[in-house]
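A, B, ... follow the sequence lines: proteins, then strands. Residue 1 opens every chain.
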Amino acid sequence: MILSVRDLKVSFRTDDGPVRAIDGVSFDLAESEILGVVGESGSGKTVSLLAVMGLITDPNAIIEGSIRYKGRELVGLPARELRRLRGNEIAMIFQDPMTALTPVYTIGWQIAEQIRAHRNISKSKAMERVEELLAEVNFPNPHEAMSRYPHQLSGGMRQRAVIAMALSCNPALLVADEPTTALDVTVQAGILDLVRKLRATHKSAVVFITHDMGVVSELADRVMVMYAGRIVERGSRTELFSDPQHPYTRALLGSIPPLTGAKPRRLPAIPGSPPSLLRLPQGCAFGPRCPVRYEPCLTGKPDLGAATHAAACFRVAQA
Amino acid sequence: MSGEMTDTDRPILETRSLGKRFSIGTRFSAEGRRTVHAVDNVSLTVRRGETVGLVGESGCGKSTLARCLVRLYDISDGQLLFEGDDITSKSLSELRPLRRRLQMVFQDPSASLNPRRRVGDLVAEPLRIHGKLSSREISARVAELFDLVGLQPDHVMRYPHEFSGGQRQRVGIARAIALNPDLVVLDEPVSALDVSVQAQIVNLLADLQEKLNLTYVFIAHDLSVVRQVSTRIAVMYLGSIVEEGPAEEVFASPAHPYSQALISAVPVVETTPGGTRKRIILTGDVPSPLNPPSGCRFHPRCPIAAERCRTERPEVVEYRPGRKVACHFPTISPAILPAHG
């Protein structure tokens, strides 16, 4: 197992009292597996992965639980140790590539620097490696691209450069946080293709965070659906999309307009909006928006259970 | 269908070879003063009661075209007609009575609502500017509008930040429909919203269209949303319309290679395992409109480009009324051709 997360809890102390952003998240990730994490804003999908990366530096954050990377506990690991892992064995790409690029150096320089931070090789060797990497992420003219500054590249090309940087040290684990959300669908298709190719060539395990069910269904081997800081459903891609169990997953899938076939006159919409983590409802967090809620949902929080395809819902458990 | 013009066939808005140029840089910048053709030679007809969806990649000029349609931008070339009346170069004061009939809803409701004013006030603003209503009539109308867009009556005293994104967009819509407009241009109205909230707003827009007999021009980069709301679709590439037709037909049998690639790139949820669609992956990026390619502007990325495409720009061909394609080698399915007899 590359990554094992057990009962991860992240809370933040705020002026309005403690906010629990993540409430008991557990999952495993195997070599060359793509895990899709789906959720809306505030569902905790980004925070849980930032915790895995050790990137929550807020002094008001409280992180509990266990995060094991190749059997090694990451929670409580000194920053120096974490830094050795990050960028080398664990890499991350974000929605906005400019958060990972500096505008004042060329793409080639930045990727080479990243390689030399983790590997003891000469500058010219690093530059050769950069050219290979840029070719691998489908830059039409990698040699020329090395001397470009980020502002001279399009959004899709910048994201490719960041992916090249993330791959520079052959990471065992790649965490991608909405890497295609800001891109056009035509460009997104190319990036998704690239992620698939990398999994095959580098055997990297990938955690892919997105709000787009379509992206997940095209890319992921297994899927985790998050709502208000908890996993509400998990399963293989086929299980989750052909037999969704949780009312939230079902409703979310139902509210996406179809791209082919007859158009419904009205879309089956989910009422209300995702809850604020400061004012979570009693009982099941999806309860107030759920079409099938009943008494137990008002008081208890349903558990996910241990099955491979599982939904945290009293109705599902009862059926 | 006969050639008789019924009320629904009459264009409410029409552009004839409309163009919008921006000049960028100064004579002191490295490349000197240059001109961008953001919108180039667009002829589009919007009929009463329909929804025209504009799709295309970022930078294709769809938002610029939308702003031209409501004369938020001055038009550089061609004509803009509202109900047959040329409004291309009308002055601001001449436009004023028209403004109430042409409204716009923007993508980011938190950027288009003044954070320091109560939402009741924000919705009342267009009524104060355009109407001759008493303050009591204005309050009654605001309450009516809040009810129409699904907001609680006691929300009028709240500030924009007290609302969720979906509710803020409802406020934006209430403002746009306050004066009973005929045409509403919606620029990415659901893109900033959570997935679970998008469907609510899409349904609200459909309900309002039916109740108030509205005509929409709808822009979104989410193609499945555009298909859901639109009766007709116009696909834009680098400032021009490359394909136009009934929404479901364009999605089911796109004729232009760009539309084909665009539609095939949309990730969809596959409920049956193994059932993958054929995908056309475009190489390269959208070229800069500062330096558009010769001939057909799509040819550097087109999978079927031939020599002719490099030199000769394809004309827009109307295969049957309302079904247009600008391509030398379009995929013409039987659905596109007019029925015989």
* Write down the atom of V187(A), the atom of E57(B), and the distance for their closest heavy-atom approach. => CG2-OE2, 4.4 Å
* So what's closer than 4.5 Å to chain A heavy atoms on D222(B): side chain, backbone, both or neither? -> neither
* To do: With a 4.5 Å cut-off on heavy-atom pairs, point out which of V216(A), D212(A), L219(A), T260(A) contacts chain B the most.
  => T260(A)
* Flag side-chain contact, heavy atom, 4.5 Å: L267(A) against Q198(B) -> no
* Can you find a pair of side-chain heavy atoms, one from M213(A) and one from V195(B), that are under 4.5 Å apart? -> no
* Selection from G166(B), A199(B), G165(B) maximising heavy-atom pairs under 4.5 Å formed with chain A -> A199(B)
* **For the student: nearest non-hydrogen atoms of P274(A) and V197(B), plus distance** => CD-CG2, 4.1 Å
* Structure fact -> Greatest number of non-hydrogen atom pairs under 4.5 angstrom with chain A, of R301(B), E248(B), H221(B), falls to E248(B)
* To do: Measure R265(A) against the heavy atoms of chain B and call it side chain, backbone, both or neither at under 4.5 Å.
  => both
* Structure fact -> What one should report as the nearest heavy-atom pair of S230(B) and K263(A) is O-NZ, 2.7 Å
* Structure fact -> Scored by heavy-atom pairs under 4.5 Å with chain B, the best of D243(A), L183(A), N138(A), D184(A) is D184(A)
* Asked: For E162(B), does the CD atom have more than 12 heavy-atom neighbours from other residues, nucleotides or ligands under 6.0 Å away?
  -> yes
* Asked: Between P264(A), G190(A), G42(A), which residue shows the highest count of heavy-atom pairs closer than 4.5 Å to chain B?
  -> P264(A)
* So which heavy atom on S196(B) is nearest to which on R289(A), and how close? -> OG-NH2, 2.8 Å
* Asked: Which atoms form the tightest heavy-atom contact between V185(A) and A265(B), and what is the distance?
  -> O-CB, 3.5 Å
* Structure fact -> Taken to the nearest 0.5 Å, the spacing of L193(B) CG from E40(A) CD works out to 10.5 Å
* Write out, in numerical order, the residues from residues 152-162 of chain A with a heavy atom short of 4.5 Å from a heavy atom in chain B. => S154(A), M157(A)
* Structure fact -> Honestly, the part of S164(B) sitting under 4.5 Å from a heavy atom of chain A is side chain
* Taking every heavy-atom pair that is under 4.5 Å apart, which of P268(A), P271(A), S41(A) has the most such pairs with chain B? -> S41(A)
* Do you know the tightest heavy-atom contact between R279(B) and A189(A)? -> CD-CB, 3.9 Å
* To do: Side-chain contact test, heavy atoms from C-beta onward, threshold under 4.5 Å: evaluate it for V226(B) versus P257(A) and give yes or no.
  => no
* Asked: Most heavy-atom pairs under 4.5 angstrom with chain B, which of P258(A), G254(A), A251(A), S255(A)?
  -> P258(A)
* To do: Just jot down the salt bridge (charged side-chain N to carboxylate O under 4.0 Å, His left out) partners of K45(A), sequence neighbours excluded, or say none.
  => E178(A)
* **Winner by heavy-atom pair count (cut-off under 4.5 Å) against chain A, out of V225(B), I281(B), N203(B)** => N203(B)
